Structure formats: structure tokens, C-alpha cells
Student: 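Have a look at this one before I ask anything.
Quick note on labels: first sequence line is chain A, next is B, and so on, each numbered from 1. Nothing here was measured: the structure is a model prediction, and the numbers come from that model.
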Amino acid sequence: MYSQTTTKNVFRHSNDYDHMLMYQNIHEKLTSTIRKVIPEFKEEDLSFDKTGHCDLTVRTFRYKGDNMEQLKSALLEESFVKSAVVEGKYLNLSIDSNFLLSIMHSSISTTGQYPDVFQDPERVSVEHTSINPTGPIHVGRVRNSIIGDSISRLLKRFGYRVTTQYFVNDSGKQMMSLYLAYEKYNANKQPTPELLLDGYRRIYREMESSGSEAEVEEMIKKYEEGDPVLINKVRKIAGVMLDDIKNDLKAIGIKIDDFTWESDFIVSGEVKTLISSLSDSIKSEGEAKYLELNDGRKVFLTRSDGSTLYVVRDIAYHMYKLSQSDWLITVLGEDHSEHGKTLTEILKTHFDLIKRLDFVFNAFVSLETGSMSTRKGNAVTLKELIEKTYEKSREIIVEKRGEKDSNDEIARKIAISAIRFNILKVSASKAMIFRWEDALDFNGDSAPFVIYSYVRASNIIKKSEMNMDNETSSISDKELAREERTLVLNMYTYPFILSEAVKNLKPEALANYAFMLSKTFNDFYEKCKVNDQDSEITIRRLMTVTVYKSIMEDISSIIGIQLVTEM
RNA sequence: GGGCGCGUGGCCAAGCAUGGAUAUGGCAACAGCCUCCUAAGCUGUAGAUCAGGGGUUCAAAUCCCCUCGCGCCCGCCA
């Protein structure tokens with residue numbers, strides 16, 4: 001199933017599959033043609049035009065000599081170049097959109113997708129979420145989950161073998177407080193997320209007012225020593241919260257494959273082994289042990305009492321992930337960016353890390369009134385967000401088409417999609433302020449907009465009476481509207497968007513592209529009637545709509561949009 | 001104080017890696033478009049010293065330096 005290839009070329013190059021590599025082939029073909037005239041020409045100087053002058057443009061600023069006319073006639077030799085216009089130092093090309101359409105359509109009819117990509121044998125681990133199970137997931141935290149889940153889906157689409165990971169912190173003060181609060185206030189009651197959260201907030205208030213954390217500290221120590229009875233009990237309580245988090249994530253279509261508990265590395269003795277393996281580099285300050293980084297900073301591995309610190313357990317976790325993956329991606333809040341750097345340095349200098357290790361940092365989501373906090377109780381939970389978004393979505397759908405049995409399911413899908421899209425579309429590095437009015441705005445740059453265009457496309461296909469099986473070998477040139485050409489060209493760039501998103505680990509690029517493409521489709525829809533036209537035109541446009549549907553399905557499955565065919 | 005990130009029309013974002021044509025959209029505002037594949041849509045109008053300053057370049061939102069503002073970090077916490 002997995003082809004053995006050593007190249008990192010994104011799309012397969014093989015003569016058997018011409019349809020799937022035409023995106024690159026056009027660039028390669030044109031580049032090699034250009035190089036006959038300008039030998040030092042760089043591929044970057046051939047790009048899609050964003051200014052409305054043409055389809056593809058060749059920039060010649062960098063190159064000496066006045067051979068534009070020669071270049072022009074060379075490029076016109078290519079059958080798919082319809083025109084070439086010299087404008088100053090630009091050579092503007094118009095590409096045969098029927099040629100592009102046939103590439104995409106045949107890819108879809110033979111392989112089921114455009115673009116088709118090879119299977120990469122690399123195993124990738126994507127860690128995301130990894131929040132302390134001390135409360136329900138809120139909109140600040142879920143940003144991390146949505147980004148991580150989209151990255152994992154993106155890489156799967158690319159053919160990687162992906163495992164998603166969650167590192168469960170069950171050995172710190174927060175976790176121990178949650179457990180202790182349950183033991184103190186609710187020991188004989190059935191633990192529920194609400195009960196636990198209530199106790200958690202209460203014990204923090206008490207610790208703050210009394211100024212004493214002795215009880216928790218005592219327990220942390222026992223835990224660190226690996227007391228099996230205690231570990232079991234704590235995990236049971238943490239498990240209740242974790243299940244709640246899992247359910248919330250499941251509600252927005254996120255499933256994590258592998259949960260690893262921090263205390264596993266304590267119980268198994270791996271942290272001890274790890275520390276002794278570092279003995280040559282370890283320095284001491286009193287009884288506490290640390291490593292010195294290149295810039296002289298000290299990273300403490302153990303406390304004076306011998307207990308381990310988080311960084312050690314995270315190193316152990318990374319070694320575990322490295323044992324089963326070729327590439328590690330970890331999505332973290334930006335407050336952990338320093339930790340990510342530290343970890344990378346330690347793994348490289350002390351553990352000969354050569355595999356690819358990437359961190360994606362997401363900035364915080366706050367409220368207009370300031371930061372969100374589970375402990376303070378001012379966080380907007382994911383549950384709340386889902387419910388309100390669902391209500392709003394349902395309200396709109398009932399207004400549009402009255403009460404119908406299918407409304408609930410459609411409203412739910414639209415709501416989930418809207419949430420994911422809204423959060424994903426903003427670059428991870430930008431801080432966000434959560435506002436209900438924005439979250440519940442279903443106009444414009446939103447998932448409902450994207451879904452709506454898909455509904456339109458589906459209806460066109462549904463209403464068409466053409467039999468698409470007996471395809472014509474040539475595609476009609478009749479009445480090609482500007483909107484139709486633009487749609488085809490924009491769809492054609494999809495593989496490029498995909499590969500850039502993978503290269504930069506920026507799933508938000510796909511959300512932005514999905515919106516742009518839907519907009520282009522809506523323009524097409526307004527201007528270009530598909531059914532009941534001259535049959536040649538109908539066939540061509542049906543092919544376009546078919547490709548559009550396929551790309552939207554593909555991209556939706558990556559960014560977590562749940563499509564519907566009526567709304 | 002030091003480090004990392006961010007700063008783009010009234011509001012929210014895209015573009016920045018790899019400099020290139022009049023800076024791209026959404027929301028809000030105003031003016032229009034449903035005997036026609038769903039108007040959750042489309043068209044038009046108005047609105048921008050790309051935080052500010054300097055530099056590099058034929059060319060800077062994009063690269064470099066400085067300043068300002070905001071976020072995050074600077075634990076024998078996780």
C-alpha cells in the first residue's frame with residue numbers, strides 16, 4: 001500500500017497518472033520552456049496572478065536581456081497556453097480552462113479525488129489538547145484541539161500514518177487538589193464532573209484563604225513515590241473529568257487515539273532510568289539536579305527531595321512518542337513556547353534527536369473582560385458554545401423552511417462546523433477575543449456560507465438529467481463566462497494550497513481557501529446557469545460542479561466541516 | 001529588565017516564509033437584485049499614512065534596525 005519513496009516531492013510523479021500531477025507539470029513544463037530562453041529562470045517567478053491580469057504570470061525583472069517576444073512565442077507553443085501578453089516586465093499567460101477541468105475531472109472519476117497523492121510511509125504523531133483534567137474544556141482550550149485535529153486530518157489526507165496523542169497530567173498540584181477535594185467534601189458520593197469541579201474551586205479558595213497547601217504537598221509526595229493505591233484512586237477521579245473532556249471533543253468531531261498518563265513514567269521507573277542515563281551531564285545545586293542549556297540557563301530535573309519535575313516526564317513522553325513515530329508535532333499554548341524550545345535542545349544534545357520535531361503554538365483566547373479561568377468560573381465552556389450555536393442554527397433553519405424532522409441534525413452539523421471554522425480561520429499565532437455576536441454570526445466568512453454553496457452544488461447535480469457516464473472526449477468551448485473560468489482556475493490551485501498548508505503546518509490556510517472557493521462558486525452560480533442549457537454547456541458545467549463538490553468534500557473532511565445537502 | 005509573538009479601513013481577518021502590477025475579503029453602513037438550479041446568496045457605493053520612524057532595493061505590508069502599544073514567558077509549577 002505504501003510506496004517506498006525517498007523523495008519529498010509532494011505529488012507523485014509517474015507517467016501512469018498524468019491526471020494527478022498536472023498541477024506541477026504545468027509549472028515544470030512552462031519552467032523548462034522558459035529556461036530555453038532564460039537559462040537561469042527560477043520557478044518562483046512563475047506564479048498564479050492575484051491581480052486580475054491573467055491566469056499565470058512570468059516575472060522577468062531579475063533577468064537581463066530583452067527577449068520577451070522570444071519568450072512569448074516559445075510559451076505559445078504549449079497547447080494549453082491560450083494567450084501570452086507582454087506587459088512591461090511581466091509576461092501574462094492565459095491557460096486553457098478546459099484543459100484544467102479535464103485534468104481535475106479525470107482525476108476524480110478515476111481515483112475519486114483531486115489531487116491524488118501518494119501514500120507516505122512516515123508515521124507522524126500529533127499531540128494536542130493535553131489539558132489537565134480538572135474541569136470541562138472551554139473555548140480557550142479548544143482552539144488547541146481544533147488546530148491539532150485539523151493538522152492530523154490534513155496529514156492523513158496527505159498519506160501520512162498519523163496517531164493523535166494526549167498527555168494526561170495526573171501528577172501535579174492541580175490534579176492532586178481535584179482528588180483531595182473529592183475525598184474531603186464528597187467522598188461517599190458518586191463523582192460527577194460538576195461535583196468534582198465544585199470541590200476543586202472550593203479547595204482552591206480554602207488554600208488561598210488559609211495560605212496552607214500542606215495537605216496537597218503531602219499527597220504529591222506520596223504520588224511521586226509511586227503509591228499504587230493512591231495513583232489508582234486519583235486516576236479514577238481524573239478519569240471522570242477526562243471522560244467529560246472526551247465527550248465534549250467527540251461532540252465537535254474530535255477523537256484522540258492515544259492517552260498517556262504522566263504517572264506511567266513514574267510507576268514504570270522510566271524517569272529514574274532517564275535521569276541516570278544523563279548522569280554525565282547533570283549538575284547539582286544542593287540535592288536538586290539540573291542540566292545547563294547552551295545559553296547557561298538551568299533546567300531543573302529533580303527537586304531537593306529527589307522527586308522529578310515536569311520536564312523529565314515530558315522528555316520520557318517524547319522518547320515514547322519517538323519510539324513509534326518518525327515525525328512529532330505538538331500543539332501547545334503559547335505560554336509553553338519556552339518549554340518547547342528547552343525540550344528540543346535537550347533532545348538534540350542529549351538524546352541525539354535527528355527526527356523531525358515541530359511545535360505549533362496557539363495564542364490565547366480571552367473574553368472582553370479579560371482572561372478565562374476554569375477556577376474562577378468565568379470561562380465559556382465548549383458545551384455552552386455548542387448549545388447556543390445549535391439553538392441559533394436551529395432558529396434560522398426553522399425560519400427558512402419551517403419545522404422538519406431533519407432540522408435537528410442539520411442544525412447540529414452547521415453549529416459544529418461554524419464553531420470549528422470560526423476558531424480555525426484565525427492564524428494560531430494571533431490572540432483572539434471571544435465574542436458571542438461573532439461566534440453566532442452565520443453570514444460571510446463562516447462555515448454556513450461554505451456549506452450553503454455546497455448545498456447549491458448538490459442541488460444542481462440532483463436536478464440535472466444529464467447522464468455523466470458517457471463523457472465527451474472534448475469539452476465544449478461555447479460561452480465560457482469569466483466566472484466559470486475563475487472557478488476552474490481556483491479549483492485547480494487546490495493541491496498547491498494543500499501542500500503549502502502541510503509545509504507550514506497552517507490548517508487555517510484551508511479554511512480561508514474554502515471560503516474563497518465558495519465565494520467563487522457563488523459568483524459562478526449567479527452568472528452561469530447549469531441545467532437546461534445547450535447540452536454541451538450543461539455537460540461542461542456539470543463537470544465543473546462535480547469537481548467543486550469533490551474538492552469541498554475533501555477540504556471539509558480536513559477542517560471538520562460537516563456538509564449537508566439541504567439547509 | 002530580558003526573551004518569544006502580535007499590530008493591516010469603524011470592527012474582525014487574509015497576504016509576510018520565497019519583495020514585484022491599482023493591499024484581498026468579511027461584519028457594520030448606504031443603494032440595488034428573487035415569474036430563473038435554495039436570497040444563509042449576488043451586485044454596487046463609501047471607508048486604509050499596512051502602529052510610527054529609519055535603512056536595503058529598480059521595487060517593501062512583506063527583508064534589516066530603532067521606537068511605541070498589546071499578549072505570553074522568564075519557578076526545585078505543569
Student: Which part of the nucleic acid, if any, lies within contact of Leu309(A), taking any heavy atom under 4.0 Å across all strands shown: a base, the sugar-phosphate backbone alone, or nothing?
Tutor: sugar-phosphate

Student: Closest to the Glu87(A) side chain: A21(B), C37(B), G71(B)?
Tutor: A21(B)

Student: Classify the side-chain pair Ser406(A)/Arg401(A) by whether it contains a donor and acceptor separated by less than 3.5 Å.
Tutor: yes

Student: Mind calculating the distance between CG (Asp45(A)) and P (C58(B)) to the nearest angstrom?
Tutor: 17 Å

Student: Between C65(B) and C27(B), how far is it from one P atom to the other, in whole Å?
Tutor: 38 Å

Student: Expressed in whole Å, how much space separates the P atoms belonging to G7(B) and G52(B)?
Tutor: 13 Å

Student: Output the rounded distance in Å from CG (Asn443(A)) to C1' (C11(B)).
Tutor: 15 Å

Student: Over how many whole Å does the gap from Ile220(A) atom CD1 to A78(B) atom P extend?
Tutor: 8 Å

Student: Once you apply a heavy-atom cut-off of 4.0 Å, does Met567(A) come out as touching a base, just sugar-phosphate, or nothing?
Tutor: base

Student: Which listed nucleotide (A40(B), C73(B), A39(B)) is nearest to the side chain of Tyr525(A)?
Tutor: A39(B)

Student: Could I get the full list of side-chain contact (heavy atoms from CB on, under 4.5 Å) partners for Ser458(A), not counting sequence neighbours?
Tutor: Tyr454(A), Lys549(A), Thr565(A)

Student: Quick one: Glu338(A) CD to C73(B) C1', roughly how many Å, whole number?
Tutor: 7 Å

Student: Would you please say whether a donor-acceptor pair under 3.5 Å links the side chains of Thr374(A) and Arg141(A)?
Tutor: no

Student: Can you tell me whether the side chain of Ser304(A) and the base of C76(B) have a donor-acceptor pair closer than 3.5 Å?
Tutor: yes

Student: Can you list the residues that meet the side chain to side chain donor-acceptor pair (under 3.5 Å) rule with Glu508(A), with sequence neighbours excluded?
Tutor: none

Student: Would you classify Ile451(A) as touching base, sugar-phosphate or nothing, given that sugar-phosphate means primed atoms plus P, OP1 and OP2, and contacts are heavy atoms under 4.0 Å?
Tutor: nothing

Student: Can you check the Glu566(A) CD to G41(B) P distance for me, whole Å?
Tutor: 18 Å

Student: It should be established whether Arg303(A) places a side-chain nitrogen or oxygen under 4.0 Å from OP1 or OP2 of nucleotide A78(B).
Tutor: yes

Student: In whole Å, what separates the C1' atom of G54(B) from that of A48(B)?
Tutor: 22 Å

Student: Write down the distance separating the C1' atoms in G32(B) and A39(B), rounded off to the nearest Å.
Tutor: 13 Å

Student: To the side chain of Lys463(A), which of C37(B), G5(B), U43(B) is closest?
Tutor: C37(B)

Student: May I ask you to check whether Ser171(A) and Ser263(A) show a side-chain donor-acceptor distance below 3.5 Å?
Tutor: no

Student: May I ask you to evaluate whether Arg297(A) reaches the phosphate of C74(B), defined as a side-chain N or O under 4.0 Å from OP1 or OP2?
Tutor: no

Student: Any idea which of C76(B), A78(B), G41(B) is nearest the Arg456(A) side chain?
Tutor: G41(B)

Student: Among C27(B), U22(B), C37(B), find the nucleotide with the atom closest to the side chain of His53(A).
Tutor: U22(B)

Student: Where do N or O atoms of nucleotides 29-32 of chain B meet protein N or O atoms at under 3.5 Å, pair by pair?
Tutor:
none

Student: Assess, by modelled atom type and distance only, whether the side chains of Asp170(A) and Tyr223(A) contain a donor and an acceptor separated by less than 3.5 Å.
Tutor: yes

Student: Under 30°, 30 to 60°, or over 60°: which ring-plane class applies to His318(A) and Phe359(A), parallel, tilted or perpendicular?
Tutor: tilted

Student: Take the protein atom CG of Asn422(A) and the nucleotide atom P of G26(B), then report the distance between them rounded to whole Å.
Tutor: 16 Å

Student: Say you pick atom P in U45(B) and the same atom in C63(B); how far apart are they, in whole Å?
Tutor: 33 Å

Student: Considering only the C1' atoms, how many Å lie between U24(B) and C50(B), rounded to the nearest integer?
Tutor: 12 Å

Student: Would the number of heavy atoms belonging to other residues, nucleotides or ligands and lying under 6.0 Å from CG of Asp295(A) be above 12?
Tutor: yes

Student: What's Asn459(A) touching, base or sugar-phosphate or nothing? Going by heavy atoms closer than 4.0 Å.
Tutor: base

Student: Salt-bridged, Lys222(A) to Glu225(A), with N to O below 4.0 Å?
Tutor: no

Student: With a cut-off of less than 4.0 Å, is there a side-chain N or O of Lys529(A) near OP1 or OP2 of C37(B)?
Tutor: no

Student: How many Å lie between CG on Asn490(A) and P on U24(B), as a whole number?
Tutor: 16 Å

Student: Which listed nucleotide (C76(B), G25(B), A78(B)) is nearest to the side chain of Ala288(A)?
Tutor: C76(B)

Student: For each nucleotide in nucleotides 12-18 of chain B, reading 5' to 3', give B when a protein heavy atom comes within less than 4.0 Å of its base, S when such contact involves only the sugar-phosphate, and - otherwise.
Tutor: SSS--BB

Student: Please measure how far the P atom in A46(B) lies from the corresponding atom in C4(B), and state the result in whole Å.
Tutor: 44 Å

Student: With the side chain of Thr57(A) defined as its heavy atoms from C-beta on, choose the nearest nucleotide among A21(B), C37(B), A78(B).
Tutor: A21(B)

Student: Does the C37(B) base have a donor-acceptor partner in the side chain of Asn531(A) within less than 3.5 Å?
Tutor: yes

Student: Using whole Å, what does the distance between atom C1' of nucleotide A21(B) and atom CG of Asn92(A) come to?
Tutor: 9 Å

Student: When the ring planes of Tyr548(A) and Phe521(A) are compared, do they come out parallel, tilted or perpendicular, using 30° and 60° as the limits?
Tutor: parallel

Student: Using O4'-C1'-N9-C4 for purines and O4'-C1'-N1-C2 for pyrimidines, with syn meaning within 90° of 0, is C12(B) syn or anti?
Tutor: anti

Student: Flag yes if more than 12 heavy atoms outside Lys462(A) fall under 6.0 Å of its NZ atom; otherwise flag no.
Tutor: yes

Student: Please state the P separation for the pair U57(B) and C76(B) - nearest whole angstrom.
Tutor: 48 Å

Student: For RNA chain B, which ranges pair as stems of 3 or more consecutive Watson-Crick or G-U pairs, with both donor-acceptor distances under 3.5 Å?
Tutor: B:1-7 with B:68-74, B:10-13 with B:24-27, B:29-33 with B:41-45, B:51-55 with B:63-67

Student: In terms of side-chain heavy atoms, does Asp45(A) have a donor or acceptor partner in Tyr63(A) at a distance below 3.5 Å?
Tutor: yes

Student: For RNA chain B, whose closest nucleotide is more 5', that of Glu334(A) or that of Thr51(A)?
Tutor: Thr51(A)

Student: Does Asn522(A) make a side-chain N or O approach to OP1 or OP2 of C42(B) shorter than 4.0 Å?
Tutor: yes

Student: Counting only heavy atoms from other residues, nucleotides and ligands, does the tally under 6.0 Å from NZ of Lys321(A) exceed 12?
Tutor: yes

Student: Under 6.0 Å between ring centres, would you say that holds for Phe48(A) and His27(A)?
Tutor: yes

Student: Taking any heavy-atom pair under 4.0 Å as a contact, classify Asp523(A): base, sugar-phosphate, or nothing.
Tutor: sugar-phosphate

Student: More 5' along RNA chain B: Gln174(A) or Arg59(A), using each one's nearest nucleotide?
Tutor: Arg59(A)

Student: Any side-chain N or O of Lys519(A) less than 4.0 Å from the OP1 or OP2 oxygen of G26(B)?
Tutor: yes

Student: Inspect the contact between Arg482(A) and Asp523(A) and indicate whether a charged nitrogen and a carboxylate oxygen are less than 4.0 angstrom apart.
Tutor: no

Student: Which pairs would a plain distance check flag for residues 172-180 of chain A, meaning a side-chain donor or acceptor within less than 3.5 Å of a matching protein atom at least two apart in sequence or in another chain?
Tutor:
{"unit_1": "Lys173(A)", "atom_1": "NZ", "unit_2": "Glu213(A)", "atom_2": "OE1", "d": "3.4"}
{"unit_1": "Lys173(A)", "atom_1": "NZ", "unit_2": "Glu213(A)", "atom_2": "OE2", "d": "3.1"}
{"unit_1": "Gln174(A)", "atom_1": "OE1", "unit_2": "Asn132(A)", "atom_2": "ND2", "d": "3.2"}
{"unit_1": "Gln174(A)", "atom_1": "OE1", "unit_2": "Tyr200(A)", "atom_2": "OH", "d": "3.3"}
{"unit_1": "Ser177(A)", "atom_1": "OG", "unit_2": "Lys173(A)", "atom_2": "O", "d": "2.6"}

